[in-house]
*Asks:* 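Here you go, one structure.
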Amino acid sequence: MTSSPAFRPASTKDAPTFLDSAHRHLSASAFRRGADTYDAVRPGYPPEVSALVADYHRVLDLGAGTGKLTADLIAGGHEVLALDPSEDMVRVLARLAIPVWRATAEATSLGVSIDAVTCAQTWHWVDSAAACAELDRIVRPGGRVVLAWNNLDVSHPWILRLARIMHSGDIQRPGFLPEVHSPWEITEELRTGWIQHLRVEQLFDLMASRSYWLRSNEKVRARMTENLRWYLFDRLEYHPGQLVAIPYRTDAFVLERAAA
């Protein structure tokens, strides 16, 4: 039987650590594949996130992935545009039948002004200084930017252990603040918790939707799979098909230009 992975305390970081910009780019580029799995098991966002741009008409969803937040913006009656650097993510995103294209936060290629920008589960992958400069170029005066993250709520010990096995979901401490640059400043914070329900087998897909898995070789993936199997079925004694409550916390931040 595979032994339990060693316990480590929860993260105390405000953001994941990369050796340099090349390392950050390599980690983010893992999402060039796996979009269908991502779309099937990654959670959406509580309605309080999209409500942060409720009064803004034309909204760009930046780093939109497969459209987890984009769909909420469309449902809210906004004129929505969306971009992501991954061809595979954009393939799925295009099903929403809105303008979508491949680009990055640092270089959106956008030629029109936007009332607001949302950026969910993305900001830690970008050069924040360059992205803030690009947002200053494309967001109209009086507009705003919303950064949002879903994190597994590792205040639950079993979720912390799950996150360690999956090498995921514990990259920012509770109460963290994202790095932002002039002329932008954080003017509002949203902190909330909620539950996603998945079948126990879907937790293997959740693990497979993470950057670490996507960058790993088959030997590493086999070890991760066996560790997760042991934890879910031997240690926690879940049964095939059982519905599991996965606690998340969502952290969102409103950015507005600093007063002159």
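Because only heavy atoms are used, hydrogens play no part in the values below, and waters and symmetry mates are left out as well, while side chains stay in.
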*Asks:* State which residues pass side-chain contact (heavy atoms from CB on, under 4.5 Å) with Asp55; sequence neighbours excluded, sorted by chain then number.
*Replies:* none
*Asks:* Please identify each residue that fulfils salt bridge (charged side-chain N to carboxylate O under 4.0 Å, His left out) with Glu188, with sequence neighbours left out.
*Replies:*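 With neighbours one apart ignored, the set is empty.
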*Asks:* Can you tell me how far apart OG (Ser155) and CZ (Arg249) are? Round to the nearest 0.5 Å.
*Replies:*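 It comes to 8.5 Å.
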*Asks:* What are the two closest non-hydrogen atoms of Ala163 and Leu152, and how far apart are they?
*Replies:* CB-CD1, 4.1 Å
*Asks:* Quick one: list whatever passes side-chain contact (heavy atoms from CB on, under 4.5 Å) with Ala133, sequence neighbours left out.
*Replies:*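 Partners of Ala133 under the side-chain contact (heavy atoms from CB on, under 4.5 Å) test: none.
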*Asks:* Using every non-hydrogen atom in the two residues, find where Thr108 and Glu134 come nearest and quote the distance to one decimal.
*Replies:* OG1-OE2, 2.7 Å
*Asks:* With ring-ring contact (aromatic ring centres under 6.0 Å, His included) as the rule and sequence neighbours excluded, what pairs involving residues 186-207 come up?
*Replies:* Trp194-Tyr248
*Asks:* Could you tell me whether a side-chain N or O of Glu179 sits under 3.5 Å from a main-chain N or O of Ala129, the two making a donor and an acceptor?
*Replies:* no
*Asks:* Would Phe176 end up clustered with Val145 when hydrophobic side chains under 4.5 Å apart are linked, directly or stepwise?
*Replies:* yes
*Asks:* With side chain to side chain contact (heavy atoms under 4.5 Å, CB included) as the test, would you mind laying out the steps for Ser168 and Met207 before giving the verdict?
*Replies:* CA-CA 8 Å; Ser168 63; Met207 181 168 66; over 6 Å; no
*Asks:* Nearest 0.5 Å, what's the CD-OG1 distance between Glu48 and Thr192?
*Replies:* 5.0 Å
*Asks:* If you group Ile, Leu, Val, Met, Phe, Trp and Tyr by side-chain heavy-atom gaps below 4.5 Å, do Leu206 and Tyr45 land in one group?
*Replies:*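 No, Leu206 and Tyr45 fall in different hydrophobic clusters.
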*Asks:* Starting at CG of Asp36, measure out to CG of Asp205 and round the result to the nearest 0.5 Å.
*Replies:*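 Asp36 atom CG to Asp205 atom CG measures 11.0 Å (nearest 0.5 Å).
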*Asks:* Report all side-chain donor-acceptor pairs from residues 62-72 shorter than 3.5 Å, counting only partners two or more places apart or in another chain.
*Replies:*
| from | atom 1 | to | atom 2 | distance (Å) |
| --- | --- | --- | --- | --- |
| Thr66 | OG1 | Asp39 | OD1 | 2.8 |
| Lys68 | NZ | Asp39 | O | 2.6 |
| Lys68 | NZ | Arg42 | O | 2.7 |
| Thr70 | OG1 | Asp61 | OD2 | 2.6 |

*Asks:* For Ser109, what residues pass the side chain to side chain donor-acceptor pair (under 3.5 Å) criterion, not counting sequence neighbours?
*Replies:* Trp101
*Asks:* For Leu60 and Ile114, work out which heavy atoms get closest and say how close.
*Replies:* N-CG2, 3.7 Å
*Asks:* The criterion is salt bridge (charged side-chain N to carboxylate O under 4.0 Å, His left out); which residues satisfy it with Glu256, sequence neighbours excluded?
*Replies:* Arg144
*Asks:* About how many Å separate CD1 of Ile165 and CG of Leu232, when rounded to the nearest 0.5 Å?
*Replies:*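 It comes to 7.0 Å.
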*Asks:* If you look at every heavy atom in Glu106 and Ala130, which pair is closest and at what distance?
*Replies:*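 Shortest heavy-atom contact: CG-CB, 3.7 Å.
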*Asks:* Could you measure the distance from the CG atom of Leu135 to the OG atom of Ser128? Nearest 0.5 Å is fine.
*Replies:* 10.5 Å
*Asks:* Give the minimum heavy-atom separation between Pro46 and Thr250, together with the two atoms involved.
*Replies:* CD-OG1, 3.5 Å
*Asks:* Less than 4.0 Å between a side-chain N and a carboxylate O, is that true for Glu226 and Arg223?
*Replies:*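 So Arg223 does not pair with Glu226 through a salt bridge.
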*Asks:* Does Asp153 use its side chain to pair, donor to acceptor, with the backbone of Pro247 at less than 3.5 Å?
*Replies:*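 Not at all, since once roles are kept as given, no pair shorter than 3.5 Å links the two residues.
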*Asks:* Please enumerate all residues that pass side-chain contact (heavy atoms from CB on, under 4.5 Å) together with Pro240, with sequence neighbours excluded.
*Replies:*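 In terms of side-chain contact (heavy atoms from CB on, under 4.5 Å), with neighbours along the sequence ignored, Pro240 is linked to Glu201, Phe233.
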*Asks:* For Glu87, is the CD atom crowded, meaning more than 12 foreign heavy atoms sit under 6.0 Å from it?
*Replies:* no
*Asks:* Has Arg191 got more than 12 heavy atoms of other residues, nucleotides or ligands less than 6.0 Å from its CZ?
*Replies:* yes
*Asks:* Does Trp158 share a hydrophobic cluster with Met166, counting links as ILVMFWY side-chain heavy atoms below 4.5 Å and allowing steps through other members?
*Replies:* yes
*Asks:* Could you list the residues that satisfy side chain to side chain donor-acceptor pair (under 3.5 Å) with Asp115, not counting sequence neighbours?
*Replies:* Arg140
*Asks:* Check side chain to side chain donor-acceptor pair (under 3.5 Å) between Glu79 and all other residues, then give those that pass, not counting sequence neighbours.
*Replies:* His57, Arg58
*Asks:* Indicate, with yes or no, if the rings of Trp123 and Phe253 have centres closer together than 6.0 Å.
*Replies:* no
*Asks:* What residues, two or more places apart in sequence or in another chain, satisfy side-chain contact (heavy atoms from CB on, under 4.5 Å) together with Ala222?
*Replies:* none
*Asks:* Taking only residues two or more places apart in sequence or in another chain, which ones pass side chain to side chain donor-acceptor pair (under 3.5 Å) with Thr225?
*Replies:*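 For Thr225, no residue satisfies side chain to side chain donor-acceptor pair (under 3.5 Å) once neighbours in sequence are set aside.
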*Asks:* In terms of hydrophobic clusters joined by side-chain contacts under 4.5 Å, are Leu243 and Leu198 together?
*Replies:* no
*Asks:* Working note: Leu236 + Val244, criterion side chain to side chain contact (heavy atoms under 4.5 Å, CB included); need CA distance, chi angles, decisive distance, verdict.
*Replies:* CA-CA 11 Å; Leu236 298 178; Val244 181; over 6 Å; no
*Asks:* Rounded to the nearest 0.5 Å, what's the gap from CG on Asp136 to CG on Leu255? Could you check?
*Replies:* 12.0 Å
*Asks:* Identify the heavy atoms of Met89 and Asp84 that sit nearest to each other, and give their distance.
*Replies:* CB-OD1, 3.6 Å
*Asks:* Run the side chain to side chain contact (heavy atoms under 4.5 Å, CB included) test on Gln172 and Asp251 for me, step by step, so that the C-alpha distance in whole Å, both residues' side-chain angles and the decisive distance to 0.1 Å come before the verdict.
*Replies:* CA-CA 10 Å; Gln172 290 130 328; Asp251 302 272; over 6 Å; no
*Asks:* With distance as the sole test, does Tyr56 use its side chain to make a donor-acceptor pair with the main-chain N or O of Val117 at under 3.5 Å?
*Replies:* no
*Asks:* Taking Val41 as the starting point, is it possible to reach Leu162 by hopping between hydrophobic residues whose side chains are less than 4.5 Å apart?
*Replies:*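 They do share one cluster, since a chain of ILVMFWY contacts under 4.5 Å joins Leu162 to Val41.
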